[in-house]
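Structure first, then comments.
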Amino acid sequence: MLITFLGTGTSVGVPMIGCECSTCASDDPRDKRLRTGLMIEHGGRRLIVDISADFRQQALRERIDRIDALLITHCHADHVFGLDDIRPLNFRHGPIPVYASENTWRELRKVFYYIFEAKHIGGGLPQIIPHIIKDSFEVCGMNLTSFSVIHGRTEVSGYRFSDGRSEVAFVTDCNLIPRESLEKLRGLDLLIIDALRHQPHPTHLHLDQSLAYIAELEPRRALLTHIGHDIKDAETNSFLPPNVELAYDGLKLEI
Ligand SMILES: [Zn+2]
Ligand SMILES: [Zn+2]
Ligand SMILES: [Zn+2]
């Protein structure tokens, strides 16, 4: 699996509009974070997890000319508002299968009502093939396991990806991982996990909590994502445990 971090920022991105804090003013490229998204390439196929309003910019940067599947964690604006930007890929390659939980689909159908209304057919709509995720399913030649994590009052889908050689999991936007979901996160080569900031937050993990989950789950390596502006890359990386780092936009790793 080749993993690319399309974006690693929280919902407002870093720098945040109107902010002059030292992270937002930093000229370290690792302190510039587009909204969170991940690309996984496997066996010549390309899967995208979450499609933020920054997807267009991410796709141009990574020269994405085709995607084979799109996976959604939850229907918050910072994870889905790039959906219209799959249209250039549709023009060339046709509809794209999109995977989400039943709850997430209920919300996606409200937010993107125009995609699903017959009267709007034609005229440059995103072309998607909706799939409801199961506990385990196959996408792009990988076995996926889905599980729920708690994000304030919302449930978010976490995903585990296995290609028979490597085990990777993506757990964004949560303040709690229920016990039964933790059991699905053991024996990982790579855990990608939410770490919003240093201070506690009602709907996201803060750094100490993320590190506590990592210590409990013992993945071979962990990368932190969905990062806000109170975390400065160089400063924070300097005190993280040896198997943990902050992810940054454009980071690629072969797992
Ligand atoms: Zn988010
Ligand atoms: Zn700031
Ligand atoms: Zn969210």
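Note that ligands are numbered from 1 as they come in the structure, with each ligand's atoms numbered from 1 the same way.
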Exercise. Can you tell me if D31 and T23 form a side-chain donor-acceptor pair at under 3.5 Å?
Worked result: no
Problem set entry | Contact check: H204 to the Zn ion (ligand 1), N/O/S below 2.8 Å | no
Problem set entry | Side-chain H-bond candidate by donor/acceptor type, D249 with T8, under 3.5 Å | yes
For this session: Just give me the atom name: the N, O or S atom of H76 closest to the Zn ion (ligand 3).
Result: ND1
Problem set entry | NE2 (H74) to the Zn ion (ligand 3) to NE2 (H151) angle, given to the nearest 10 degrees | 110°
For this session: With the Zn ion (ligand 2) as the reference point, give the N/O/S atom of H229 that is nearest.
Result: ND1
Problem set entry | Verify same cluster id: L205, I231 (apolar side-chain graph, 4.5 Å) | yes
Exercise. Quick one: are the ring centres of H206 and H198 less than 6.0 Å apart?
Worked result: no
Problem set entry | the Zn ion (ligand 1) reached by H226 (N, O or S, under 2.8 Å) | yes
For this session: Check the pair H74 / H79 against ring-ring contact (aromatic ring centres under 6.0 Å, His included), numbers first and verdict last.
Result: CA-CA 7 Å; H74 66 304; H79 296 260; 4.3 Å; yes
Exercise. How wide is the angle at the Zn ion (ligand 1) between OD2 of D78 and OD2 of D173, to the nearest 10°?
Worked result: 160°
